[in-house]
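First up is the structure itself, then whatever we jot down about it.
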Amino acid sequence: MFRKNQTQSSSDPRELIVEREPKSPISEMFRTIRTNITYSSVDTSVKSVLFTSATPDAGKSTIAANMAIAYAQAGNKTILVDADLRRPTTHYTFEMPNQRGLSTSIVNEVPMESIIRESETENLDVVTSGPVPPNPAELLSSKKMGHFLKTVSQQYDMVILDSPPILAVTDAQLLSKEADGTILVTDTEANNRDSLAQAKDLLEKADANILGVVLNNKKMDNKKDSYYYYYGSE
Ligand SMILES: Nc1ncnc2c1ncn2[C@@H]1O[C@H](COP(=O)(O)OP(=O)(O)OP(=O)(O)O)[C@@H](O)[C@H]1O
Ligand SMILES: [Mg+2]
């Protein structure tokens, strides 16, 4: 039902199970994560969440896209931003063009409205990455990016950011400073305590507000659904 097969390539869409099968146990897990995020900060409400991982291929983009749908389904005006300017996939998942997107709006004076696209899910807008630039970290730490995030935070109830793995490049660390909260996604199969600890270290150095870890079970047999757990960071 939600399985990775051998021939899957990076340009295949990530499974939007929360859209396709909202009543399934997996979709319920996403709603549980949503609830946990809501209650993770008592004093301030979390209105932007960054999804990252220690190492590549953990399932960040899949989880970020499904979480965005879970928020939208609950009536929150939501925007999913593909801030992975290295291996972006959101345009494949939502079958959107990607000539314009986050990178073009930062580099050129493209108005924000022209890069925000409506998705087929009610309440969910999407910003694709735009063409991959040579200097993603520079773009993500620019004033224009800061301005973009501030503006969307004001216009939306929830901003979901997809990003590259944190041990590989500095991008997610830079973005975690701007987001209200950060979630570490880890593939239960490749799960490695050392790399997770290193990722946590880097996020703490950036003063990120780590909300928790999502364990993504990508190992599939044909009879079982994959599943997700969530637990707080403390
Ligand atoms: N729970 C799951 N069950 C089955 N397949 C999954 C699951 N989660 C992710 N996948 C598949 O694993 C691959 C990697 O997932 P995804 O692109 O979401 O990871 P990522 O962390 O964003 O990768 P990258 O580091 O390249 O950005 C994709 O082909 C996706 O469809
Ligand atoms: Mg990704």
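Sequence positions, counted from 1, serve as the residue numbers for this chain. FYI, side chains are in, hydrogens and waters are out, and symmetry mates aren't considered; it's all heavy atoms of this structure. Counting starts at 1 for both ligands and their atoms, following the listed order.
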Check: [X]/[Y] side-chain N/O donor and acceptor closer than 3.5 Å:
X	Y	answer
Thr89	Asp82	no
Ser195	Thr55	no
Ser153	Lys47	no
Ser163	Asp171	no

Hey, which atoms in ligand 1 end up nearer than 4.0 Å to a heavy atom of [X]?
X	value
Ser61	18 (O), 20 (P), 22 (O)
Asp84	27 (O)
Pro56	25 (O)
Lys60	18 (O), 19 (O), 20 (P), 21 (O), 22 (O), 23 (O), 24 (P), 25 (O), 27 (O)
Thr62	9 (C), 15 (O), 16 (P), 18 (O), 30 (C)

> Near the Mg ion (ligand 2), which protein N/O/S atoms fall under 2.8 Å?
Replying inline: Ser61 OG
Using a 3.5 Å cut-off on N or O atoms only, is [X] in polar contact with ligand 1?
X	value
Arg14	yes
Asp57	yes
Pro165	no
Glu15	no
Arg87	yes

> Is it the side chain, the backbone, both or neither of Asn216 that has a heavy atom closer than 4.0 Å to ligand 1?
Replying inline: side chain
> Side chain or backbone of Asn217 under 4.0 Å from ligand 1, or both, or neither, by non-hydrogen atoms?
Replying inline: backbone
>> Taking the side chain as everything from C-beta on, heavy atoms only, tell me whether Lys200 gets closer than 4.5 Å to Leu196.
In response: no
